[in-house]
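Structure record follows, encoded as structure tokens.
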Amino acid sequence: MAEEKSLNFIEEIIEHDLKSGKHTSIATRFPPEPNGYLHLGHAKSICLNFGLALKYGGKTNLRFDDTNPVTEETEYVESIKGDVKWLGFQWAEELYASDYFPQLYEFAVTLIKKGLAYVDDSTSEEMAAQKGTPTQPGTNSPYRNRTVEENLVLFADMKAGKYPDGSKVLRAKIDMAHTNMLMRDPVLYRIKHAHHHRTGNTWCIYPMYDFAHGQSDSIEKITHSICTLEFVPHRELYNWCIDNLEIYPSRQYEFARLNMTYTMMSKRKLLQLVNEKYVTGWDDPRMPTLSGVRRRGYTPEAIRDFCDRIGVAKRDNLIDISLLEFCVREHLNKIAARRMVVFDPLKVVITNYPEGKTEIMTSENYPDDHANVREMPFGRELYIEREDFMEVPVKKYFRLSPGQMVRLKSAFIIKCDDFVKDANGTVTELHCSYIPESRSGNDTSGINVKGVIHWVNAQTAVPVEVRLYDRLFHVEDMSSLEDDFRNHLNPDSLKVLPTVYAEPELAKAKLGEHFQFLRMGYFTLDTDSTAGKLIFNRATTLRDMWAKEVKK
RNA sequence: UGUCCUAUGGUGUAAUGGUAACACAGCAGAUUUUGAUUCUGCUUUUCUAGGUUCGAAUCCUAGUAGGACAACCA
């Protein structure tokens, strides 16, 4: 099948580079800073970077951009590696910007020797004042004309730890009147007497992003350095460093980051949600983190498919979260074993079924594979969903109501003969009769019913907990917010049902398995589960045309 | 009142100077022992104004709108 798939703009650039002979193979990198957990926005970048290398026969490095010791931790490194692997990608090399600190230092010395960098004693306030504004040029620092010799000594002393944090920086000497603010003598190195997660206390000066990223790309001979749009203005500085250092010319290309409705995807704010306990952790199933959606029951296949469908372009976007849910359902529908679980039980007594009798019914695990079945006990007393009975049925309601019949999935057709109410008027019990000839598989009753409902046998039902999730925020476009994002948390984002009734087979569930609870949604076992108490997370609901019908 | 980036249905993404298409969402119907799945059909689109051209979503100019840029963050 020669499926003609159109190329995104980066693929076009790569194919052009390959065709023209500029490159014979490509190298990309995924460069997270280990200061938080990966989220769906990172997934887009991961799929892009690794996907490109896979498609064009190149390689992708995993490179940690660890140039700021105060925010970075080993915990994050480990989670990031786990998430990339879970998504299904394998990096060529695991690298760290901190591995390049010695070389980066030498690069800085080279720039000083060329008269292209100087040590500045200005305070950050003074530097900000010198910087100008986007519409007004900046002014030169009084330290700008220090000699090469003086700068060399000062920079060496910075490295040697002779100065306190913030007292000096190394700046590039470019142009304080440049229209690109980033070219107004950007800071290259700053002093931080801080412990680094890998280099420990070896260094007290650390390179800034702009002095580390491009050079790291260059050292690794990355051909296409792909990042998000906010780095567009950095490209000029990226190229300036490479040009003046005369090193391998990696090239930067920028695409639009993923934005999704009802979703907040800023690492800083996600950290805030974690720290301030609005969620239980980075892997809270409501979080858009990869560890969160994994725990919730999303699959890597679904996320890769999603990343594929959203495309890659340069314009700002706001993806409808229903596309993600569609991808999740589409994959889960194929792989999830079916189970029956009653959430809000209503007792049903089959009055014409012998007391004490239990028989075994079989039900298919997957709708289109009738050979793959499990066993389910059936008895005189059952639970069905309270929702599946209406004393006074609304129009088009084809479940149970007085005198009406439904099919119990994989069992018998039953007819509602009577119901019992308590003092409050709440229905507590249904009295039904079953049609013995209607047994699933050899139904000779000739009766056709429209409604099919799920059920569990009361005697053998297994109590489990389910956790139902809704969107964390109730604002469609989080970027439109003018006040604090924490004011817009959805109070109903988590609903716990401590005791619901499952068919016995579900007790065998293992971590990582996916289930469809018939008519209730897709579920997976939560990591909080213990041997005595199984807890299931709802990944997503099923599509529900009836709910829409009812709304009308 | 600077520089840069962007502009195609409700949301995304294609169409690479030659009939604007695909997916999601929405709506309607068929099938169904999950009101699921599956299948069918439908609604809705090139920011504006000029220009180049036989022909413009595509190229050019201007305007408009949105976004980015003034961290010793990445």
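Chain identifiers are assigned alphabetically (A, B, ...) following the order of the sequence lines, protein sequences preceding nucleic acid strands; residue numbering begins at 1 within each chain. What you are looking at is a predicted structure, and each value in this text was computed from that prediction instead of being measured.
The phosphate of B:G12 (OP1 or OP2) has no side-chain N or O of A:Lys314 nearer than 4.0 angstrom. Residue A:Arg257 has no polar side-chain atom (N or O) positioned under 4.0 Å from OP1 or OP2 of B:C5. Look at A:Thr135 and you won't find any side-chain N or O under 4.0 angstrom from OP1 or OP2 of B:A70.
Here A:Val70 lies out of heavy-atom contact (under 4.0 Å) with every strand. Contacts of A:Tyr189 with the nucleic acid, taken as non-hydrogen atoms under 4.0 Å apart, are absent. Residue A:Phe398 is classed as a base contact, given a heavy-atom separation below 4.0 Å to a base. Across all strands, A:Phe64 comes closer than 4.0 Å to no nucleic acid atom at all (heavy-atom distances). Residue A:Thr67 is in sugar-phosphate contact alone, with no base atom involved, counting any heavy-atom pair closer than 4.0 Å across all strands shown. Heavy atoms of A:Leu518 sit under 4.0 angstrom from at least one base atom. Contact annotation for A:Ser480: no contact, since no heavy-atom pair falls under 4.0 Å across all strands. If you check every strand for non-hydrogen atoms under 4.0 Å, A:Gly521 touches nothing. Contacts of A:Lys396 with the nucleic acid, taken as non-hydrogen atoms under 4.0 Å apart, include base atoms. Note on A:Gln136: nothing from the nucleic acid sits closer than 4.0 angstrom, heavy atoms only. Within 4.0 Å of A:Arg235, counting heavy atoms only, lies no atom of the nucleic acid at all. Within 4.0 Å (heavy atoms only), A:Met340 reaches no atom of the nucleic acid at all. No engagement by A:Asn180 is indicated, since no non-hydrogen atom pair under 4.0 Å with the nucleic acid exists.
In the set B:C73, B:A70, B:A68, the nucleotide with an atom closest to the side chain of A:Pro233 is B:A68. Out of B:U34, B:C72, B:U37, the shortest distance to the side chain of A:Ser124 is found at B:C72. Residue A:Ser6 has its side chain nearest to B:A14 when only B:U34, B:A14, B:C69 are considered. With B:A70, B:A36, B:A74 as the choices, the nucleotide that has an atom nearest any side-chain atom of A:Thr133 turns out to be B:A70. With B:C73, B:U13, B:A14 as the candidates, the nucleotide lying closest to the side chain of A:Asn317 is B:U13. Between B:U37, B:A70, B:A74, one nucleotide has an atom nearer to the side chain of A:Lys131 than all others, and that is B:A70. For A:Arg190, counting side-chain heavy atoms from C-beta on, the closest listed nucleotide (B:C69, B:G12, B:A74) is B:A74.
Between the base of B:A68 and the side chain of A:His234 there is no donor-acceptor pair shorter than 3.5 Å. Side-chain atoms of A:Ser410 stay outside donor-acceptor range of the base of B:U33, with no qualifying N/O pair under 3.5 Å. For a distance-only test at 3.5 Å, the side chain of A:Arg315 fails to qualify as a donor-acceptor partner of the base of B:U6.
Pairing partner, B:U44: none, since no Watson-Crick or wobble contact has both distances short of 3.5 Å. The pairing partner recorded for B:A21 is B:U13, the criterion being a Watson-Crick or G-U wobble arrangement whose two distances lie under 3.5 angstrom. Base pairing of B:A74 is not made with any nucleotide, judged by Watson-Crick or G-U wobble geometry with both donor-acceptor distances under 3.5 Å. Across every strand in view, B:A30 sits in a pair with B:U38 that passes the Watson-Crick or G-U test at under 3.5 angstrom. Figure legend. B:A68 is base-paired to B:U3; pairs are counted as Watson-Crick or G-U wobble with both atom distances under 3.5 Å. Applying the Watson-Crick and G-U wobble criteria (two distances, each under 3.5 Å), B:G55 pairs with nothing in any strand.
Rounded to a whole Å, the CD atom of A:Glu254 is 13 Å from the C1' atom of B:C69. Atoms CG (A:Asn259) and P (B:U6) sit 17 Å apart, rounded to a whole Å. What separates CG of A:Asp316 from C1' of B:A65 is a distance of 12 Å, to the nearest Å. Per the geometry, CG belonging to A:Asp308 stands 13 Å off C1' belonging to B:G12, to the nearest Å. Rounded to an integer number of Å, the gap from A:Glu364 CD to B:U32 C1' is 12 Å. One interatomic measurement links the two molecules: CD1 of A:Ile226 to P of B:A74, which rounds to 21 Å at whole-angstrom precision. Rounded to whole angstrom, the span from the OH atom of A:Tyr366 across to the C1' atom of B:U33 amounts to 19 Å. Between the CG atom of A:Asp368 and the C1' atom of B:U34 there is a distance of 13 Å, given to the nearest Å.
B:A49 and B:G26 have their C1' atoms separated by 34 Å, given to the nearest Å. Taking atom P on both nucleotides, B:C60 is separated from B:G18 by 16 Å, rounded to a whole Å. Taking atom C1' in both B:A20 and B:U58, the straight-line distance is 11 Å, to the nearest Å. Taking atom C1' on both B:U19 and B:U37, the two are 36 Å apart, rounded to the nearest angstrom. Between B:A15 and B:G9, the two P atoms lie 16 Å apart (nearest whole Å). Look at the C1' atom in both B:C59 and B:U1: the space between them is 30 Å, to the nearest Å. Taking the P atom of each, B:A74 and B:G67 are spaced 26 Å apart, rounded to whole Å.
Mapping A:Asn8 and A:Val187 onto RNA chain B by nearest heavy atom places A:Asn8 at the nucleotide closer to the 5' end. Each of A:Arg519 and A:Asp66 lies near RNA chain B, and the nucleotide nearest A:Arg519 is the one positioned closer to the 5' end.
Proximity of the aromatic rings of A:His224 and A:Tyr253 is defined here by a centroid distance below 6.0 angstrom, and this criterion is met. Aromatic pair A:Tyr100/A:Phe107: ring centres not closer than 6.0 Å. For A:Tyr238 and A:His234, the gap between ring centers reaches or exceeds 6.0 Å. Under the 6.0 Å cut-off for aromatic ring centres, A:Phe101 and A:His196 qualify, their centroids lying closer than that. Residues A:Tyr298 and A:Phe306 place their aromatic rings such that the two centres sit no closer than 6.0 Å. In this structure, the ring of A:Phe412 has its center less than 6.0 angstrom from the ring center of A:Tyr434.
Side-chain atoms of A:Glu72 do not come within 3.5 Å of backbone N or O of A:Phe64 as any donor-acceptor pair. One N or O on the side chain of A:Ser250 and one on the backbone of A:Ile222 form a donor-acceptor pair closer than 3.5 Å.
Annotation: side chain of A:Thr261 is not in contact with side chain of A:Ser322 (no heavy-atom distance under 4.5 Å). Looking at A:Ser363 and A:Arg374, their side chains come closer than 4.5 Å, going by heavy atoms from C-beta outward.
Between A:Gln516 and A:Tyr366, the side chains place no donor N or O within less than 3.5 Å of an acceptor N or O (distance only, hydrogens not considered).
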If you restrict it to nitrogen or oxygen atoms, what contacts under 3.5 Å exist between nucleotides 23-25 of chain B and the protein, and what is each distance?
{"from": "B:A23", "atom 1": "O2'", "to": "A:Arg309", "atom 2": "NH1", "distance (Å)": "2.9"}

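In this structure, A:Glu476 does not pair ionically with A:Arg471, as no charged nitrogen and carboxylate oxygen lie closer than 4.0 Å.
Residue ring and base: A:Tyr209 does not count as stacked with B:A74 (centre distance below 5.5 Å and interplanar angle below 30° not both satisfied).
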